[in-house]
Amino acid sequence: MSGKYYEELEPGMVFKHVVTRTVTDVDNILFTALAHNDQPLHLDDEFSKNTLHGTRVVNSLWTLSFIGGISVRDTTLGTTLGNLGYEEIRFPNPVRIGDTLRGETHIVSRRESRKHPNAGVVIFKHYGYNQRDEVVVTAVRAGLMLKKSGAIRSQD
């Protein structure tokens, strides 16, 4: 388990995630199809030529999912009790096929849970960047994180 417990997630911490990914056409098409999102901006080269982007752009929810997903190993793997919600999601620059993405997560704040004595609420801010260091996504997320004292430990 590589996730951090509530007590280990201090406000001000920054995690620079080592997983990066060059976005492929297959990534975009599969995610778009699985989501039943038939927006031609993601699927149709001819349609997209006449948009403000001039080319197809990657489904923004794939971008959000990727940046959130690569944060798990460093922050919440095995130590989260669940997501409580996302807010302030922004896509300031489009992602295109062939862009290489990287991400980082900042710990914004934390507080004791009012309902769960074995957990606390941590506010994460995720940032996604392309190969030009342009921000392509930001998202603030609340997670219910297990406390060390609340963890169930296996018997040796």
Side-chain angles (χ1 to χ4, degrees), residues 1-110 119-146 148 151:
M1 182 167 55
S2 59
K4 306 289 184 214
Y5 290 99
Y6 169 79
E7 297 89 343
E8 298 171 311
L9 294 166
E10 295 281 343
M13 291 177 79
V14 175
F15 296 87
K16 294 182 184 248
H17 308 300
V18 297
V19 175
T20 60
R21 173 87 181 243
T22 300
V23 184
T24 69
D25 197 29
V26 172
D27 296 328
N28 183 55
I29 289 172
L30 281 177
F31 188 91
T32 299
L34 287 169
H36 294 277
N37 177 348
D38 56 0
Q39 170 54 252
L41 189 56
H42 306 312
L43 300 169
D44 185 331
D45 284 331
E46 293 303 313
F47 173 88
S48 299
K49 285 179 186 176
N50 298 314
T51 68
L52 67 99
H53 303 292
T55 63
R56 281 187 299 144
V57 296
V58 173
N59 188 311
S60 58
L61 292 179
W62 182 91
T63 303
L64 176 63
S65 294
F66 172 72
I67 296 303
I70 64 173
S71 76
V72 169
R73 192 175 300 156
D74 295 330
T75 59
T76 64
L77 183 64
T79 56
T80 188
L81 297 172
N83 281 326
L84 300 175
Y86 281 86
E87 56 187 63
E88 297 179 35
I89 298 169
R90 302 284 183 265
F91 302 100
N93 290 291
V95 173
R96 292 182 171 80
I97 305 303
D99 280 351
T100 298
L101 304 185
R102 66 178 176 82
E104 62 186 44
T105 298
H106 298 218
I107 306 305
V108 176
S109 64
R110 70 178 190 187
V121 177
V122 175
I123 305 298
F124 302 88
K125 186 161 187 183
H126 303 289
Y127 294 85
Y129 302 91
N130 64 20
Q131 69 278 9
R132 293 177 298 282
D133 290 327
E134 298 168 331
V135 176
V136 295
V137 62
T138 62
V140 175
R141 176 175 67 91
L144 186 62
M145 300 301 298
L146 188 62
K148 277 186 180 181

>> Going by salt bridge (charged side-chain N to carboxylate O under 4.0 Å, His left out), name the residues that satisfy it together with Asp27, two or more places apart in sequence or in a different chain.
In response: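 Scan of Asp27 (salt bridge (charged side-chain N to carboxylate O under 4.0 Å, His left out), adjacent residues dropped) gives Arg21.
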First locate atom [atom1] of [X], then atom [atom2] of [Y], and finally report the distance between them rounded to the nearest 0.5 Å.
X	Y	atom1	atom2	value
Thr75	His126	OG1	NE2	6.5 Å
Phe66	Leu101	CZ	CG	6.0 Å
Arg73	Ser71	CZ	OG	11.0 Å
Glu7	Thr79	CD	OG1	10.5 Å
Thr76	Asn83	OG1	CG	7.5 Å
Asp133	Asn93	CG	CG	11.5 Å

Do the non-hydrogen side-chain atoms of [X] and [Y] ever get within less than 4.5 Å of each other?
X	Y	result
Ile97	Thr24	no
Leu144	Thr80	no
Tyr129	Glu104	yes
Leu30	Trp62	no

> Applying ring-ring contact (aromatic ring centres under 6.0 Å, His included), which residue pairs with at least one partner in residues 67-101 are found, sequence neighbours left out?
Replying inline: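 Non-adjacent pairs meeting ring-ring contact (aromatic ring centres under 6.0 Å, His included): zero.
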Taking only residues two or more places apart in sequence, or in another chain, which ones meet [X] in a side-chain hydrogen bond (donor to acceptor under 3.5 Å, both in side chains)?
X	answer
Thr51	none
Asp38	none
Ser109	none
Gln131	Asp99

>> Checking His106 now: which residues fulfil ring-ring contact (aromatic ring centres under 6.0 Å, His included) with it, not counting sequence neighbours?
In response: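 With sequence neighbours excluded, His106 shows a ring-ring contact (aromatic ring centres under 6.0 Å, His included) to Tyr127, given in chain and number order.
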> For Phe124, what residues pass the ring-ring contact (aromatic ring centres under 6.0 Å, His included) criterion, not counting sequence neighbours?
Replying inline: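 ring-ring contact (aromatic ring centres under 6.0 Å, His included) list for Phe124, sorted by chain: empty.
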>> The criterion is side chain to side chain contact (heavy atoms under 4.5 Å, CB included); which residues satisfy it with Val140, sequence neighbours excluded?
In response: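 Counting only residues at least two positions away or on another chain, Val140 forms a side chain to side chain contact (heavy atoms under 4.5 Å, CB included) with Glu87, Glu88, Ile123, Lys125.
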>> Going by the rule side chain to side chain contact (heavy atoms under 4.5 Å, CB included), which residues pair with Leu61 if we only count those two or more places apart in sequence or in a different chain?
In response: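 Only Phe31, Asn59, Leu64 meet the side chain to side chain contact (heavy atoms under 4.5 Å, CB included) criterion with Leu61.
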Run the side-chain donor-acceptor check on residues 41-48: report pairs under 3.5 Å with partners two or more places apart or on a different chain.
from: His42; atom 1: ND1; to: Val57; atom 2: O; distance (Å): 2.9
from: Asp44; atom 1: OD1; to: Glu46; atom 2: N; distance (Å): 2.9
from: Asp44; atom 1: OD1; to: Phe47; atom 2: N; distance (Å): 2.9
from: Asp45; atom 1: OD1; to: Arg56; atom 2: NE; distance (Å): 2.8
from: Glu46; atom 1: OE2; to: Lys49; atom 2: NZ; distance (Å): 2.9
from: Ser48; atom 1: OG; to: Leu41; atom 2: O; distance (Å): 3.4
from: Ser48; atom 1: OG; to: Asp44; atom 2: O; distance (Å): 2.8

Work out which heavy atom in [X] is nearest to a heavy atom in [Y]; give both atom names and the distance.
X	Y	value
Ala142	Val121	CB-CG1, 4.4 Å
Ile89	Ala139	CG1-CB, 3.9 Å
Ser2	Leu77	OG-CD2, 3.5 Å

> Under the side chain to side chain contact (heavy atoms under 4.5 Å, CB included) criterion, do Lys4 and Met145 qualify, and how do the steps go?
Replying inline: CA-CA 8 Å; Lys4 306 289 184 214; Met145 300 301 298; 5.8 Å; no
Identify every side-chain donor-acceptor pair in residues 8-18 under 3.5 Å, counting partners at least two apart or on other chains, and give the distances.
from: Glu8; atom 1: OE1; to: Tyr5; atom 2: N; distance (Å): 2.7
from: His17; atom 1: ND1; to: Asp74; atom 2: OD2; distance (Å): 2.5
from: His17; atom 1: NE2; to: Thr105; atom 2: N; distance (Å): 3.4
from: His17; atom 1: NE2; to: Thr105; atom 2: OG1; distance (Å): 2.7

>> Is it true that Thr20 and Arg102 share a donor-acceptor pair across their side chains at a distance under 3.5 Å?
In response: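 Per modelled atom types, Arg102 and Thr20 side chains form no pair under 3.5 Å.
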